[in-house]
Amino acid sequence: MLDPKRLRTELDEVAKQLARRGFKLDVDAVRALEGQRKALQTHTEELQNQRNLRSKSIGQAKARGEDIAPLMAEVSSLGDQLKTAEQDLVKIQTDLETIALGLPNILDASVPDGADENQNVEVRRWGEPKQFDFEPKQHFELGANQDWMDFESASKLTGARFVVLRAAMARLHRALTQFMLDTHTQQHGYTELYVPYMVNADSLRGTGQLPKFEEDLFKLNNEQGYYLIPTSEVPVTNLVRDTIVDAANLPLKFTSHTPCFRSEAGSHGKDTRGLIRQHQFEKVEMVQITRPDQSWQALEEMVGNAEAILQKLGLPYRVITLCSGDTGFSAAKTYDLEVWLPGQQKYREISSCSNTLDFQARRMVARFRNPETGKTELLHTLNGSGVAVGRALVAVVENYQEADGRIRVPEVLRNYMGGAAYLA
RNA sequence: GGAGAGCUGGCUGAGCGGUCGAAAGCGGCGGUCUUGAAAACCGUUGAAGGAAAACCUUCCGGGGGUUCGAAUCCCUCGCUCUCCGCCA
């Protein structure tokens with residue numbers, strides 16, 4: 001959520017900033033509502049003040065043993081007036097809140113302008129795409145061997161966009177997860193978390209998935225209306241919701257491995273084959289909760305942490321800055337890591353690292369006490385994939401394939417694979 | 001699933017329907033003392049919104065109600081704890 005004070009005092013500037021994303025803010029409507037709100041609030045508070053004063057004097061008169069009937073008569077008409085005023089105020093505040101919750105974050109000045117993913121800007125590359133002396137296959141072709149990746153069974157069990165992994169492929173998937181978690185906890189200073197895979201609506205509102213993007217989520221039919229998490233960013237970041245974090249404990253650095261569930265509404269026909277776009281996939285996530293003056297530095301660190309995973313796996317990749325039109329709702333700036341897929345002859349997203357500044361923190365009311373001022377201030381929150389496990393599996397399989405269809409195991413994973421050099 | 005007890009500021013914990021935003025303690029901050037620190041003593045210290053300011057409003061788990069007036073009474077939901085039952 002944007003600073004409501006800023007929304008009041010710099011509305012035109014906010015609208016101009018949001019326009020960078022292609023978001024149209026109805027300035028006149030907001031201004032009109034805001035004017036009404038102010039008048040109504042002043043009016044309501046005046047009535048509340050009257051009620052409080054008179055009630056107090058009734059109490060005092062009663063304590064002195066005086067007759068309170070005249071005082072009671074005086075206050076009788078106030079109740080209805082106040083009730084009406086309060087209801088009107090609540091309604092208009094709700095309207096304003098609904099608008100505010102639907103506004104995306106303001107982009108950092110360093111984010112390049114652009115309409116869509118075609119205008120994203122490459123920052124750097126690591127590694128050279130490997131030259132094969134044969135036609136490299138796509139992962140689902142390689143996965144057909146020994147039924148390692150079984151999409152047909154998954155479609156029988158559930159439906160489209162699911163997979164059953166078998167034998168060495170299932171183990172490779174698990175090995176990747178373990179390797180990533182161990183790297184982040186042992187080398188990058190993150191604390192591992194195990195978290196719920198279902199969350200309530202408050203949590204999703206906190207990180208920005210609700211109220212705007214409900215159609216992307218799987219909602220459970222239970223009484224509480226829980227949702228399956230679309231990313232562990234939601235439960236992990238919401239740990240600090242409604243809390244005041246001790247400044248001495250900052251930054252908080254968490255990593256968590258969870259399944260992620262996404263409806264993929266609106267992506268019909270995209271990546272229909274293979275593991276790239278599934279309703280259920282696994283991800284090792286990194287989350288940092290920092291002081292405001294340290295979040296940009298933390299973003300660079302986090303991208304580096306994700307890069308370290310790809311480097312250790314020997315997977316060529318590039319880092320890009322998402323342009324204004326492609327940056328997500330909550331983010332002020334996002335770096336994507338795109339890994340080279342020889343089967344597709346393309347770089348494909350495998351990690352996304354974002355600084356949301358105080359956007360999520362304001363929604364969550366997540367604060368720390370600044371030792372310098374003694375005051376509570378909003379924290380900054382960051383999240384990044386470190387990295388998507390399913391896509392990492394795709395990348396390993398395609399990059400480590402050999403002419404005879406065998407798949408070599410990257411050195412760093414062999415300890416997790418019982419020492420095997422090849423999938424078997 | 002059944003029975004009971006709770007939910008109050010950064011933390012612990014008091015609080016007859018009426019000067020209660022809330023005692024006390026701890027913690028924090030400032031000071032006295034000390035070469036310095038600790039201890040002791042004194043002072044100060046919740047959050048959010050509005051106002052140039054005096055000051056005003058809201059907040060005692062969430063929501064609703066009763067009342068001139070609710071931390072306090074009622075309803076409801078959530079959560080925590082204890083006991084019983086069931087269970088990987």
Side-chain angles (χ1 to χ4, degrees), chain A residues 1-11 30-31 33-97 99-101 194-206 210-211 220 222-227 235 238-250 252 289 291 358 361-379:
Chain A
M1 201 156 61
L2 301 177
D3 185 351
K5 206 170 279 174
R6 209 167 159 197
L7 218 47
R8 259 179 253 134
T9 57
E10 305 168 36
L11 186 56
V30 173
R31 200 165 270 139
L33 272 175
E34 182 50 35
Q36 289 177 46
R37 193 225 95 233
K38 199 167 184 176
L40 258 172
Q41 185 162 339
T42 315
H43 177 60
T44 306
E45 290 186 359
E46 173 58 25
L47 287 174
Q48 286 171 329
N49 182 225
Q50 287 302 317
R51 179 206 56 197
N52 291 346
L53 288 174
R54 292 181 196 207
S55 293
K56 200 166 276 186
S57 67
I58 289 175
Q60 288 166 342
K62 209 174 172 184
R64 290 193 298 266
E66 297 170 7
D67 180 19
I68 57 169
L71 288 168
M72 296 278 279
E74 217 179 296
V75 83
S76 63
S77 68
L78 234 106
D80 287 343
Q81 273 187 68
L82 183 56
K83 196 165 225 171
T84 314
E86 279 175 343
Q87 282 169 353
D88 291 348
L89 181 61
V90 165
K91 190 190 173 306
I92 207 156
Q93 280 174 334
T94 308
D95 290 349
L96 276 166
E97 168 115 347
I99 292 174
L101 284 173
Y194 170 81
V195 295
Y197 302 159
M198 304 173 200
V199 293
N200 58 33
D202 283 342
S203 293
L204 288 157
R205 203 171 301 115
L210 287 181
L220 300 182
N222 70 336
E223 202 180 330
Q224 296 90 341
Y226 292 158
Y227 296 81
N238 273 279
L239 278 175
V240 294
R241 172 153 58 83
D242 294 321
T243 64
I244 299 176
V245 178
D246 189 340
N249 294 333
L250 296 173
L252 298 174
I289 313 288
R291 293 177 54 122
D358 61 9
R362 185 172 292 106
R363 286 170 165 252
M364 295 190 295
V365 199
R367 296 168 294 174
F368 75 108
R369 193 173 298 279
N370 189 332
E372 282 99 75
T373 62
K375 294 286 183 188
T376 54
E377 293 176 26
L378 291 172
L379 291 158

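Note that this is a predicted model, so its numbers are computed, not measured.
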I need the [atom1]-[atom2] distance between [X] and [N], as an integer number of Å.
| X | N | atom1 | atom2 | value |
| --- | --- | --- | --- | --- |
| A:M72 | B:rG18 | CE | C1' | 12 Å |
| A:K375 | B:rG46 | NZ | P | 9 Å |
| A:N200 | B:rG62 | CG | P | 15 Å |
| A:Q60 | B:rC68 | CD | P | 18 Å |
| A:L47 | B:rC68 | CG | P | 17 Å |
| A:K83 | B:rG64 | NZ | C1' | 10 Å |
| A:R64 | B:rG18 | CZ | C1' | 12 Å |
| A:D242 | B:rG10 | CG | P | 12 Å |

Taking only the [atom1] atom of each, what is the distance from [N] to [M] in whole angstrom?
| N | M | atom1 | value |
| --- | --- | --- | --- |
| B:rG46 | B:rC11 | C1' | 12 Å |
| B:rA40 | B:rA48 | P | 32 Å |
| B:rG64 | B:rG50 | P | 22 Å |
| B:rA23 | B:rA47 | P | 15 Å |
| B:rC81 | B:rU66 | P | 35 Å |
| B:rG25 | B:rU34 | P | 27 Å |
| B:rA24 | B:rC77 | C1' | 33 Å |
| B:rU8 | B:rA70 | C1' | 14 Å |

**Prompt:** With sequence neighbours left out, what residues match A:D95 under salt bridge (charged side-chain N to carboxylate O under 4.0 Å, His left out)?
**Reply:**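 So A:D95 forms a salt bridge (charged side-chain N to carboxylate O under 4.0 Å, His left out) with A:K91.
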
**Prompt:** Does A:E97 have any salt bridge (charged side-chain N to carboxylate O under 4.0 Å, His left out) partners at least two apart in sequence or in another chain, and if so, which?
**Reply:**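 Not a single residue meets the salt bridge (charged side-chain N to carboxylate O under 4.0 Å, His left out) criterion with A:E97.
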
Hey, can you pull the donor-acceptor pairs under 3.5 Å for the side chains in residues 38-47 of chain A, sequence neighbours left out?
{"residue": "A:Q41", "atom": "OE1", "partner": "A:R37", "partner atom": "NE", "Å": "3.0"}
{"residue": "A:Q41", "atom": "OE1", "partner": "A:R37", "partner atom": "NH2", "Å": "3.3"}
{"residue": "A:Q41", "atom": "NE2", "partner": "A:E45", "partner atom": "OE2", "Å": "3.2"}
{"residue": "A:T42", "atom": "OG1", "partner": "A:K38", "partner atom": "O", "Å": "2.7"}
{"residue": "A:T44", "atom": "OG1", "partner": "A:L40", "partner atom": "O", "Å": "2.6"}
{"residue": "A:E46", "atom": "OE2", "partner": "A:Q50", "partner atom": "NE2", "Å": "3.2"}

**Request:** For residues 47-65 of chain A, pull every pair meeting salt bridge (Lys or Arg N to Asp or Glu O under 4.0 Å), keeping only residues two or more places apart or in separate chains.
**Result:**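 Counting only pairs at least two positions apart or across chains, the salt bridge (Lys or Arg N to Asp or Glu O under 4.0 Å) contacts touching residues 47-65 of chain A are A:R54-A:E74, A:R64-A:E66.
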
For [N], the Watson-Crick or wobble partner whose two distances fall under 3.5 Å:
| N | answer |
| --- | --- |
| B:rG1 | B:rC84 |
| B:rC7 | B:rG78 |
| B:rC20 | none |
| B:rG36 | none |
| B:rC59 | B:rG46 |
| B:rA53 | none |

Name every donor-acceptor pair, under 3.5 Å, that has one atom in a side chain of residues 194-204 of chain A and the other anywhere in the protein, sequence neighbours excluded.
{"residue": "A:N200", "atom": "OD1", "partner": "A:D202", "partner atom": "N", "Å": "3.3"}
{"residue": "A:N200", "atom": "OD1", "partner": "A:S203", "partner atom": "N", "Å": "3.0"}
{"residue": "A:N200", "atom": "OD1", "partner": "A:S203", "partner atom": "OG", "Å": "3.3"}
{"residue": "A:D202", "atom": "OD1", "partner": "A:R205", "partner atom": "NH1", "Å": "2.8"}
{"residue": "A:S203", "atom": "OG", "partner": "A:R241", "partner atom": "NH2", "Å": "2.8"}

**Message:** If you go through the side-chain atoms of A:K56, does one of them form a donor-acceptor pair with the base of B:rG18 closer than 3.5 Å?
**Reply:**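 Counting by modelled atom types and ignoring angles, no donor-acceptor contact under 3.5 Å is found here.
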
If I take atom [atom1] from residue [X] and atom [atom2] from residue [Y], how far apart are they, to the nearest 0.5 angstrom?
| X | Y | atom1 | atom2 | answer |
| --- | --- | --- | --- | --- |
| A:L53 | A:L78 | CG | CG | 10.5 Å |
| A:R363 | A:D358 | CZ | CG | 12.0 Å |
| A:L2 | A:R362 | CG | CZ | 7.0 Å |

**Prompt:** Reading nucleotides 48-58 of chain B 5' to 3', which nucleotides get B (base under 4.0 Å from a protein heavy atom), which S (sugar-phosphate only), which -?
**Reply:** SBSS----SSS

**Request:** Quick one: label A:I244 by what it contacts on the DNA or RNA (base, sugar-phosphate, nothing), any heavy atom closer than 4.0 Å.
**Result:**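 The residue A:I244 makes sugar-phosphate contact but no base contact.
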
**Request:** Could you go through the side-chain contact (heavy atoms from CB on, under 4.5 Å) check for A:L250 and A:L379 one step at a time?
**Result:** CA-CA 10 Å; A:L250 296 173; A:L379 291 158; 3.6 Å; yes

**Prompt:** Taking for each residue the nucleotide of RNA chain B bearing the nearest heavy atom, is the 5' side occupied by A:G79 or by A:Q87?
**Reply:**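 Nearer the 5' end of the strand: A:Q87.
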
